[in-house]
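So that the names make sense, note that chain A is the first sequence line, chain B the second, and so on, each numbered from 1. Since we're looking at a predicted model, the values are computed, not measured.
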Amino acid sequence: SMGNCAFDAQNLISISLRKIQSSRTQRGGIKLHKNLLVTYVLRNARQFYMSKNFSQTQRTHQYEDVTAVREKQDYLELTGSFTELADDFYCNFSGVESDTWHCGAHQPNGHPAEVAHQDASACAMVSPSDSDLMVSEACWSCADKSSWELPIPNTQANQKTVLDLDTHVVTTVTNGYFHSDCCAQPKQPQGAQGFSKKRKLDSSYHIVDPEFYLPDFGPVPCKRIRTDDDLHSESEQLDTTNISNLISVLGSGGLSEFVSWQHTDLEQIFAAQTICLKHTLLTGSGWTRAIEAF
Amino acid sequence: ISGAVQGAGGDMQWCLSQAKGSLDDDVTEADIISTLEFNHTGELLATGDKGGRIVIFQQEIENKRQPQYRSEYNVYSTFQSHEPEFDYLKSLEIEEKINKIRWIPQKNAAHFLLSTNDKTIKLWKISERDKRPEGYNLKEEDGRYRDPSTVTSLRVPVFRPMDLMVEASPRKVFANAHTYHINSVSVNSDNETYLSADDLRINLWHLEITDRSFNIVDIKPANMEELTEVITAAEFHPHQCNTFVYSSSKGTIRMCDMRASALCDKHSKMFEEPEDPSNRSFFSEIISSISDVKFSHSGRYMMTRDYLSVKIWDLNMESKPVETYQVHEYLRSKLCSLYENDCIFDKFECCWNGNDSMVMTGSYNNFFRMFDRDHRWDVTLEASRENSKPFQVIKPRKVCAGGKRKKDEISVDSLDFNKKILHTAWHPQDSIIVVATTNNLYIFQDKMN
């Protein structure tokens, strides 16, 4: 029965994230249906976890839908915006590009970070019963990251991630930064600047909505005539709409970036990532069910 | 017989007629059966597998006179329908697995069927050749050309009998119309059009025209973040050529009328049963997702399959099903493990018998279930070579959900979840059923004393 404790919810979140991750390398492409169902489990587990932990007195029915939860716990800032999700998964930058990665969060005194050459295994997972659900240290193992650069947050507008299939370069201008819940600082570190960064990727991990490319080739059976309004509202176009791909978000800041890392123990990284992501999901403001789009 | 109502279903005694496929415990992935379909007379049975192959079995007509042998089916034709493809633009491999086969009602001596993988639908013509022309003037019998100078007289070639050859040839390829994975095809009762459905869209095709199709349902939201459900199955009404239904991952079925508008995003009816709140769990959304929808032959009802149950809907009543049958309710307490091992995503199909009095669907441990609608009787049977001898009546099985396990019962924890029956088929006119285990085909017939 679902009267079980929060451990089950956390377990389910791990399992679900792994399913989403492994679906990316499955033959035949990502199964939209399965991934959609997995995100429902993620949402349910999160709702359960939050209703259990946030306030005993304010406990709501475990499976109330998101709107009701929103009303009662408005400090959660569940806006339904994909940007918020991006917030949760991207890490804050000091804005300085260098060979070693600096986690912006590690700037207790406003100095540029020198960081965290820590093992992923040093990632301390805070016990879920803590009311202050913060991870004390963000732990990214700092290996050679020449093949990987994190996107820099642009605090102004949310924009789109586009994969250039010729050069395999992903162009992303995001509003993402790793949420403070996960990076131990309760507020935004100073020095965060916004600019877009090009990122090299293993293209097999990044899937863009296939319909983005549709107008260029192949007949599309479509009885509807697309109006200009339609075009502007379509997330397929490169415009100022949100990042529309959960996996690219996870990929950009999260799991697959580490999976594509070469010099590191994948399992460790994965475990650390999962823990940090879980905490974000469980604690963070602004996480809402993000739908896999490809 | 302890008080159980006996009726047509209860009188049925199923015997294993044939088991086809490899005896190996090691299953070659390509041989995994992915779809199963009788043609309209039941004479032909088509199977599709993960390797993109189609095997068609034919009923032995000579045996029809002897009822106990009437369900002997032998291989009629085998051909490669789909090959794996690579979409270089999206860096995606397109699986060759056959998702669905649908027969076109027969118009002449040849048989036609539609087969589809995730992206491409093909129309295949299966025809027999039992004679060939002989006596060409310019060609030898083996096909080599003769030296024209050696030809001194002319003759008219004639047809002579030959060993029966069954040829399958692709007549049409319907491609590039689906961005997402195709889950259904359904031939219209007008015999001219058919629909194909993927996760977000349904297209209408003419069987003769491959370079265009009409989009009749599109549930893709403008912003993919707002996606809450996908299309899981679609089917045309068996008699009304303007009507079709599609089921969703949210457990709803929408019925659409193509006469109402060109784009059928607005349904004419929506069938939905609200969830019992006491059953709410982390997995509620998953288990309410409909994996199959099938109209009855009469066209008055439709049946849906979700993870734990089969529901029969009266097309005139949208608020709830008229009948609900529990397939394996004992799994409700195991959903967490079934989620972990991915079994909860298994897509079971369901089927009607010829006169709509019974329905059948598969389960785990190579069990399958039959429900008699008129007499409220149900049975669990097993597809197993070890436990069935040809022409012997197979024993019903029982799963012990808890408490003391009786002799011959099997406990839930002993069930083999790798042995799943996802595809079953019922002969349209006879009491012959076919059940596909992972890579084997089991044919059962009713004993009929």
Side-chain angles (χ1 to χ4, degrees), chain A residues 1-2 4 8-9 11-12 15-16 19 27-34 36-38 40-41 43-45 48 61-63 80-82 85 165 203-204 206-211 213-214 216-224 230 233-235 241-242 244-246 288-294, chain B residues 84 87-97 117-118 175-181 183 198-201 203-205 211-216 218 220-232 249 262-263 265 277 280-286 289 333 336 339-340 342 344-345 347:
Chain A
S1 89
M2 288 305 126
N4 283 339
D8 276 344
N11 200 23
L12 277 180
I15 294 170
S16 303
K19 285 189 194 296
R27 215 177 151 235
I30 293 184
K31 308 275 186 283
L32 185 62
H33 182 197
K34 182 177 177 183
L36 180 64
L37 295 177
V38 170
Y40 273 108
V41 176
R43 180 200 70 171
N44 293 339
F48 173 80
H61 187 278
Q62 291 171 2
Y63 305 107
S81 152
F82 204 94
L85 173 67
L165 285 168
S203 65
S204 65
H206 285 262
I207 295 108
V208 181
D209 185 346
E211 300 212 313
Y213 293 93
L214 220 46
D216 290 334
F217 55 93
V220 181
C222 187
K223 202 139 196 187
R224 294 193 283 199
D230 286 345
S233 68
E234 275 186 40
S235 56
T241 53
N242 297 326
S244 65
N245 186 318
L246 168 66
T288 181
R289 189 188 69 250
I291 308 301
E292 163 68 15
F294 69 107
Chain B
D87 182 336
Y88 291 96
L89 186 76
K90 298 165 201 164
S91 256
L92 274 186
E93 194 177 1
I94 299 167
E95 278 190 282
E96 66 277 29
K97 171 170 75 85
N117 68 350
D118 284 340
N176 297 323
H178 285 280
T179 308
Y180 302 97
H181 293 113
N183 52 57
D198 67 29
D199 292 315
L200 297 179
R201 299 197 176 94
N203 295 331
L204 181 71
W205 303 83
D211 64 353
R212 81 193 88 113
S213 73
F214 292 104
N215 175 245
I216 54 176
D218 187 339
K220 181 177 180 178
N223 189 349
M224 277 295 269
E225 295 169 39
E226 291 157 28
L227 182 71
T228 56
E229 64 184 329
V230 297
I231 296 168
T232 54
S249 54
L263 186 62
D265 279 358
R280 182 97 192 124
S281 76
F282 289 124
F283 311 104
S284 289
E285 287 81 5
I286 301 186
S289 176
S333 55
C336 202
Y339 178 69
E340 248 184 296
D342 268 3
I344 207 174
F345 300 104
K347 297 190 183 166

Participant: Report yes if some heavy atom in the side chain of A:H33 is under 4.5 Å from a heavy atom in the side chain of B:N183; otherwise report no.
Facilitator: no
Participant: I want to check something: taking the side chain as every heavy atom from C-beta on, are A:I15 and A:V41 in contact at a cut-off of under 4.5 Å?
Facilitator: no
Participant: Do NZ/NE/NH1/NH2 and the carboxylate oxygens of B:E226 and B:K220 come within less than 4.0 Å?
Facilitator: no
Participant: Between B:S289 and chain A, with a heavy-atom cut-off of 4.5 Å, which part of the residue counts as in contact: side chain, backbone, both or neither?
Facilitator: side chain
Participant: What part of B:L200 lies closer than 4.5 angstrom to a heavy atom of chain A: side chain, backbone, both or neither?
Facilitator: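 The answer is the side chain of B:L200.
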Participant: Heavy-atom cut-off 4.5 Å, strictly under: side chain, backbone, both or neither for B:D342 against chain A?
Facilitator: both
Participant: Any side-chain to backbone donor/acceptor pair from B:D265 onto B:D218? Under 3.5 Å, distance only.
Facilitator: yes
